[in-house]
There are 2 protein chains.
Amino acid sequence: MDGSGTGDLTIAERIRDDLHRFTPTERKAAHVLLANYPVAGLETTAEFAKRADVSAPTVLRFVSRLGFQSYPDFQRALREELDKQGQSPLAKKAYGSGEAGIGGPLAAFRDGLVDNIRETFRHVPAAEFDAVVTLLADRRRPVHLIGGRFTDVLAAHMTAHLRVVRPGVGHISGQPGNWRDQAVDYGRSDVVVMFDIRRYQDDLARLAGVAAGRGATVVLMTDQWLSPIARHARHVLSARVAVPSRWDSLTAMLALSEAVLAAVTERIWPDAEQRIQAIDGLRSK
Amino acid sequence: MDGSGTGDLTIAERIRDDLHRFTPTERKAAHVLLANYPVAGLETTAEFAKRADVSAPTVLRFVSRLGFQSYPDFQRALREELDKQGQSPLAKKAYGSGEAGIGGPLAAFRDGLVDNIRETFRHVPAAEFDAVVTLLADRRRPVHLIGGRFTDVLAAHMTAHLRVVRPGVGHISGQPGNWRDQAVDYGRSDVVVMFDIRRYQDDLARLAGVAAGRGATVVLMTDQWLSPIARHARHVLSARVAVPSRWDSLTAMLALSEAVLAAVTERIWPDAEQRIQAIDGLRSK
DNA sequence: GAAAATCTGTAACCCTCGTTACAGGAATTG
DNA sequence: CAATTCCTGTAACGAGGGTTACAGATTTTC
């Protein structure tokens with residue numbers, strides 16, 4: 001499928017292995033690339049050539065000898081590498097060393113989760129996060145929550161917690177056909193929080209369209225590839241979901257949800273505290 | 001010196017700050033870039049646009065609004081950033097994760113979550129984990145799941161996933177009074193998975209007592225201080241729940257649940273795969 | 001030391017990608 | 001409800017970059 005198709009070694013590793021096969025000037029290019037990996041390879045042929053003090057064709061012959069059909073192909077491969085590595089800056093486990101990893105599959109799974117949380121929080125736009133917190137902390141705004149087939153538990157989780165600290169919180173449940181019956185009542189003050197990860201559900205997207213059309217503020221919690229609901233959403237928070245498993249992981253998304261809940265609760269604490277005491281009072285009776 | 005000339009913030013930070021200035025589709029592009037930083041920006045405008053599901057001109061308007069003269073200029077800036085960061089592989093502060101970004105309480109919260117996951121997995125007894133996986137992978141054993149006030153969403157989560165890969169999975173719902181009506185039917189082959197964290201619910205404990213009395217195998221997912229249900233449980237898996245927040249965190253417990261689910265799914269994959277295909281077949285009709 | 005083979009840069013070609021004008025459409029405002 | 005503004009995709013344009021042929025330079029080999 002990929003241009004090279006040569007095992008799963010890093011391009012850098014392949015260069016080191018094949019270093020003796022290159023001509024002198026090609027080797028020059030190779031060393032420059034290794035010394036500025038992978039940035040040099042992401043530049044244009046002209047820039048790369050100038051950096052290595054060789055000609056552009058030499059650069060092309062170099063990547064060609066590496067087994068790539070074209071220079072764009074080569075760059076694509078570099079970006080893919082960067083992407084994998086970028087998702088888990090510290091976890092090189094997938095590469096070089098044994099894929100089993102130290103500590104077996106459980107440890108690998110754990111590392112995946114930790115990386116996901118790290119990456120998720122790293123990419124959270126502060127303004128977006130604050131805006132969402134402000135919205136949810138506004139007790140005058142009715143809040144409605146819903147999620148997809150597997151993510152609805154996150155909606156339920158947030159619903160349960162929000163209900164404790166503020167009034168006017170509802171979980172949209174029942175048949176998809178009935179969702180819109182509720183949505184037609186939404187207005188400018190309503191907030192709709194939706195959870196949707198890949199294998200996105202179009203019935204959710206339709207609901208989002210209706211809600212947004214009514215003037216409601218849609219908040220979307222999704223994965224890094226963004227649900228189509230993003231089109232209708234005023235605010236988007238995305239979390240990493242990929243792990244070494246047959247399933248996608250909701251851990252990072254729950255982590256983000258809990259962070260939002262913690263911030264909301266902190267924001268309205270005096271009110272929330274009173275409310276909690278009142279609830280506990282009822283409960284004990 | 002640089003193409004943009006706007007301070008020394010990273011591009012990611014500038015995007016986060018200016019997020020409100022963008023038009024809806026531009027914001028979509030922004031989110032895609034942040035979620036796949038910086039790789040998405042190193043692709044061609046067409047690829048980037050496709051990834052974000054917007055048109056190429058929108059991508060250009062996006063980078064233009066960021067203050068770059070041209071798309072190549074923008075890419076050059078990204079590469080420079082990547083270069084600086086690459087020189088010190090461990091210096092990830094360059095991006096949002098450090099104190100430069102949101103930092104503060106959010107970072108502390110995130111660290112708490114990560115620590116919880118690490119500690120949780122560290123203390124998981126391998127034998128116990130395997131035993132639980134074996135139990136849940138046995139399709140001849142009916143499985144019933146339930147949780148407490150806030151943890152029931154985890155029971156629902158596990159139910160939803162188990163149901164996909166095997167038959168005989170049920171979520172115990174309804175009034176606490178009715179729980180025991182179901183429990184009287186349990187026998188030696190039944191497995192009851194219960195989630196319970198502090199502020200333990202005694203109605204759950206009573207249910208556990210009944211189920212265990214009938215010979216059912218009780219599996220308990222709880223916090224590090226152990227729910228009283230542990231008394232009746234054959235197997236116990238515990239997770240850390242304490243974080244800098246008014247709430248306890250379920251993130252580590254979800255992480256553990258997902259690890260169990262991943263292992264169960266892997267264990268019975270041939271069967272599960274067939275089952276999934278059958279389900280998808282029904283779904284598409 | 002001469003001839004062959006290999007290497008490497010120059011220059012021209014062509015194609016892709018970045019760019020921009022424009023029109024349809026959505027949202028907003030009076 | 002009409003008018004206006006803003007937004008967004010389509011389509012055509014033009015430049016820059018990837019590519020290639022070729023010739024000079026260098027090394028190798030007999």
Side-chain angles (χ1 to χ4, degrees), chain A residues 3-4 18-33 39-79 186-188 205 208-218 226 228 230-234, chain B residues 3-4 18-33 39-79:
Chain A
S4 60
D18 295 353
L19 212 50
H20 63 280
R21 291 170 164 249
F22 300 128
T23 67
T25 46
E26 283 169 15
R27 204 166 308 152
K28 215 165 156 187
H31 278 122
V32 167
L33 176 55
V39 173
L42 294 172
E43 299 172 343
T44 66
T45 51
E47 287 169 324
F48 187 175
K50 187 180 177 189
R51 204 199 267 249
D53 194 30
V54 298
S55 68
T58 297
V59 170
L60 290 180
R61 284 188 280 262
F62 161 62
V63 302
S64 166
R65 196 173 308 240
L66 267 176
F68 293 98
Q69 292 286 334
S70 69
Y71 194 71
D73 260 16
F74 165 68
Q75 293 190 315
R76 218 184 316 279
L78 280 179
R79 284 198 303 263
Y186 294 168
R188 302 213 152 278
V210 173
R214 294 276 157 186
T217 301
V218 175
L226 298 194
R231 177 176 190 74
H232 304 111
R234 187 82 54 88
Chain B
S4 58
D18 294 352
L19 211 50
H20 61 280
R21 290 170 168 251
F22 299 128
T23 67
T25 47
E26 284 169 14
R27 201 166 316 157
K28 214 165 157 188
H31 276 119
V32 167
L33 176 56
V39 173
L42 294 172
E43 299 172 344
T44 65
T45 50
E47 287 170 323
F48 186 175
K50 188 180 176 187
R51 204 199 266 250
D53 192 31
V54 299
S55 69
T58 297
V59 170
L60 290 178
R61 283 188 280 262
F62 161 62
V63 302
S64 165
R65 197 171 307 238
L66 268 177
F68 293 97
Q69 292 287 334
S70 69
Y71 193 71
D73 260 16
F74 163 69
Q75 292 189 315
R76 218 183 318 278
L78 280 179
R79 284 198 302 262

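Each chain gets a letter, A, B and so on, in the order its sequence line appears, and its residues count up from 1.
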Between N or O atoms, less than 3.5 Å apart, protein on one side and nucleotides 23-28 of chain C on the other: list the pairs.
none

Item to check | Nearest-nucleotide pick for B/T25, side chain only, options being C/dC7, D/dG9, C/dG9 | outcome: D/dG9
Checklist outcome for this item: Testing C/dG9, D/dT8, D/dG18 for proximity to the side chain of A/T58, the answer is C/dG9
Calculate the interatomic distance between [X] atom [atom1] and [N] atom [atom2]; express it in whole Å.
X	N	atom1	atom2	result
B/F22	D/dC6	CZ	P	18 Å
B/E26	D/dG9	CD	P	10 Å
A/K28	C/dG9	NZ	C1'	12 Å
A/E47	D/dG17	CD	P	7 Å
B/Q75	C/dC17	CD	C1'	10 Å
A/D73	C/dT16	CG	P	13 Å
B/K50	D/dT8	NZ	P	21 Å
B/R76	D/dG17	CZ	C1'	13 Å

Checklist entry - When you measure from the side chain of B/R79 to the backbone N and O of A/V39, does any donor-acceptor pair fall under 3.5 Å? => result no
Checklist entry - Would a distance-only check, ignoring hydrogens and angles, find a side-chain to backbone donor-acceptor pair under 3.5 Å from B/Q75 to B/G41? => result yes
Next on the checklist: Looking at every non-hydrogen atom in both residues, tell me the closest pair between A/A211 and A/V218 and how far apart they are.
Outcome noted: CB-CG2, 4.3 Å
Item to check | Closest approach of A/A49 to A/S55 (non-hydrogen atoms, all atoms of both residues) | outcome: CB-C, 3.6 Å
Checklist entry - side chain to side chain contact (heavy atoms under 4.5 Å, CB included) between B/F22 and B/L66: does it pass, once the steps are laid out? => result CA-CA 9 Å; B/F22 299 128; B/L66 268 177; 4.1 Å; yes
Checklist entry - Where does the angle between the aromatic ring planes of A/Y71 and A/F48 fall among parallel (under 30°), tilted (30 to 60°) and perpendicular (over 60°)? => result tilted
Item to check | Ion pair A/E47/B/R76, N-O distance below 4.0 Å | outcome: yes
Next on the checklist: If you assign A/E43 and B/V54 each to the DNA chain D nucleotide with the nearest heavy atom, which residue ends up on the more 5' nucleotide?
Outcome noted: B/V54
Next on the checklist: Heavy-atom count check: over 12 atoms from other residues, nucleotides or ligands less than 6.0 Å from A/R65 CZ?
Outcome noted: yes
Any N/O pairs under 3.5 Å between the protein and nucleotides 19-26 of chain D? List them or say none.
unit_1, atom_1, unit_2, atom_2, d
D/dT19, OP1, A/Y71, N, 3.3
D/dT19, OP2, A/Y71, N, 3.1

Next on the checklist: I'd like to know whether B/L33 forms a side chain to side chain contact (heavy atoms under 4.5 Å, CB included) with B/F62, so could you lay out the CA-CA distance, the side-chain angles of the two residues, the decisive distance to 0.1 Å, and finally the verdict.
Outcome noted: CA-CA 11 Å; B/L33 176 56; B/F62 161 62; 4.0 Å; yes
